Amino acid sequence: MKKREFKTESKRVLDLMINSIYTNKEIFLRELISNASDALDKLYYLSLTDNNIKINKADLEIRVDYNKDDRTITISDNGCGMTSEELENNLGVIAESGSLHFKEENSGQDDVNVIGQFGVGFYSAFMVSKKVKVESKSYKDETATIWQSEGVEGYTLSDSTRENIGTTITLYLKDDTEDYNYSDFLEEYRLRNIIKKYSDYISYPIKMEVENSRKKEDSDEYETYKEVITINSMIPLWKRNKKDIKEEEYNNFYSDKFYDYSSPLKVMHFNMEGNVNYTALLYIPSHAPYDYYTKEYEKGLQLYTNGVLIMDKASDLLPDYFSFVRGVIDTEDIPLNISRETLQDDKNIKLIAKSIESKIKKELESLLKDDREKYEEFYKAFGMQLKFGIYNDYGMNKEKLENLIMFPSSKDKKMVTLKEYTERMKKDQKNIYYASGDTVDKIDMLPQTQSVKEKYEVLYLTEYVDEFAIKTLHSYDDKEFVNVSSENTDLSTEKEKKEMEKENEENKKMLELMKEALDENITEVKFTNKLKKHPVCLTTEGEVSTTMEKVINAMPTNEKINAKMILEINLNHKISDKLKELYKKDKEELKKYTKIIYLEARLIEGLPIDNPTEMSNLMCDIMASK
Ligand code: ADP
């Protein structure tokens, strides 16, 4: 028996594993099964070119056994095996370990986040074992060898009498502690679950002896018996031919994997070949998960390489605005030991992410074109996310998303896209008009909306992100977005405008007096002829609209902003005559009237009233004086 020491850096990784407090210790099984699967691959490919190696592909398999009395788990394969030198070189040394580098760069941090994000390999066995024994016979060697180690002290090599080619790894589990129950791994259901979870799509059977029960013949009693079964399903759904997959299978896979029991709205299954190769099985859910619009929601796709799960939620594969997409990516073009940290810098991951993004975009565009009803269902669930996407990152992605958004229209209150809107614009129309408010009905009744919609179509913005997105877009197809409540929105003719200017000039003194009666947010009071039947409205001057004021002031920050507002009074309404009359007779009364109509205008806009008592007192005063 030969005693050997580990190389220094291997010692350190080993030390990291042994003392790991990482909660995901269960991944040791994934790592050992992946190694076994690689060894089977190697032997199989060798057999294709080397006539001396005779194997039957159907015999290649992985076995997992456990023994409660000995507290051992064994993982065996009939793959290529290792010679004594290979055992030494492969298991005694860690050549280039991602985890080690990461650990060095981040020394001081605890291990919790370090391990498990890597393909930590064979050494992960030491997270759960006090002793590891590897017995192996290589296809190219006559003799077999046993490699054994109890940790950093080193390892021993000794001869074995094993005759079959392949490798058997025996893990002697650690004793249970207050913090961790290692015995759990000796339970059949636990092992089965771990295998299903991480290694379901390994392409060789993973066999295990399990306990079953059956009804005894000629009796109502049951008896238990043992049988060896294959735990993994072996062929991943995404690797199968699209033509052979039923909708039900896609849906079952979706609900199994992503715990959503309503059917997905859309399934995307495709292979990409080119600069980078991958297979994708993506789903667009039919409704937003309950936590979708919260910080708790985690975006990401499952990342597999060669059927082995590498990461559960690889967030770098999806842009935020498509964060609702769930699914699986399988690629051979990334290193197995990729981590969350190295993922974002990986060239191929970037290529895949880009390609996925354009695929999803195209899919949504064709859904919009071909199945309007479904698209609107999708939009109801996730439209807000698209609008956030336009607004976020300083509008960097607005061009990508502008054709995917839609708003209710004044025309029929149905949804309209920007493209549809501009295509049916009137010849003389230069701008895209919008109005915002709490609900479609409320917006529809706004005086400003009423006056514009008679002439042109108006988009109704009801979600708080809407106006921010519109402002970020600024224009679509060279047509600028214009708020109907903006002071500049005046559809009257030049002649009418001139007349109004004259009217306002003549009543300047009175309008100024009225302005003084109001709070400082009112920058001007003026007459207008743009309102049809309505007596008053509030319009805004500058960038901040009243809706934006509402949204920003509702945010949990101390920053408060005030839209600059103009109180406009319909010159053709009786109230204007009354005001003019009061100006001559009773200036104090005029102030009261002014306050009331201003507060009314705020109510119409859905803005809060600071002092409702004052308003009701004023009204009662006036009513009583009649
Ligand atoms: P990795 O698999 O990332 O290379 P590991 O530490 O898991 O790193 O394994 C080191 C090497 O040991 C493998 O590359 C492989 O050559 C060899 N090896 C591990 N397990 C087996 C096995 N079951 N059969 C044959 N070779 C193995």
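The structure displayed is predicted, hence computed values, not measured ones. Numbering of ligands and ligand atoms starts at 1, following listing order.
- Residue Thr167 touches ligand 1 through its side chain alone, judged by heavy-atom distances below 4.0 Å.
- Using cut-offs of 30° and 60° on the angle between ring planes, the pair Tyr182 and Tyr180 is tilted.
- Distances between N or O atoms of Ile169 and those of ligand 1 include no value under 3.5 Å.
- Contact annotation: for Asp77 versus ligand 1, heavy atoms closer than 4.0 Å belong to the side chain alone.
- For atom 26 (N) of ligand 1, the candidate residues are Glu86, Lys42, Glu31, Met82; the nearest heavy-atom contact is made by Met82.
- Residue Glu223 is tested with Lys216, Arg214, Lys215 for a salt bridge (charged side-chain N to carboxylate O under 4.0 Å, His left out); the sole match is Arg214.
- Checked by distance only, ligand 1 and Asn35 come closer than 3.5 Å through their nitrogen or oxygen atoms.
- Under 4.0 Å is where a charged nitrogen must lie from a carboxylate oxygen, and between Arg63 and Asp65 at least one such pair does.
- Glu249 and Tyr254 are not linked by any side-chain donor-acceptor pair at a separation below 3.5 angstrom, with hydrogens and angles left out of the test.
- Not a single ring-ring contact (aromatic ring centres under 6.0 Å, His included) links Tyr293 to another residue, sequence neighbours left out.
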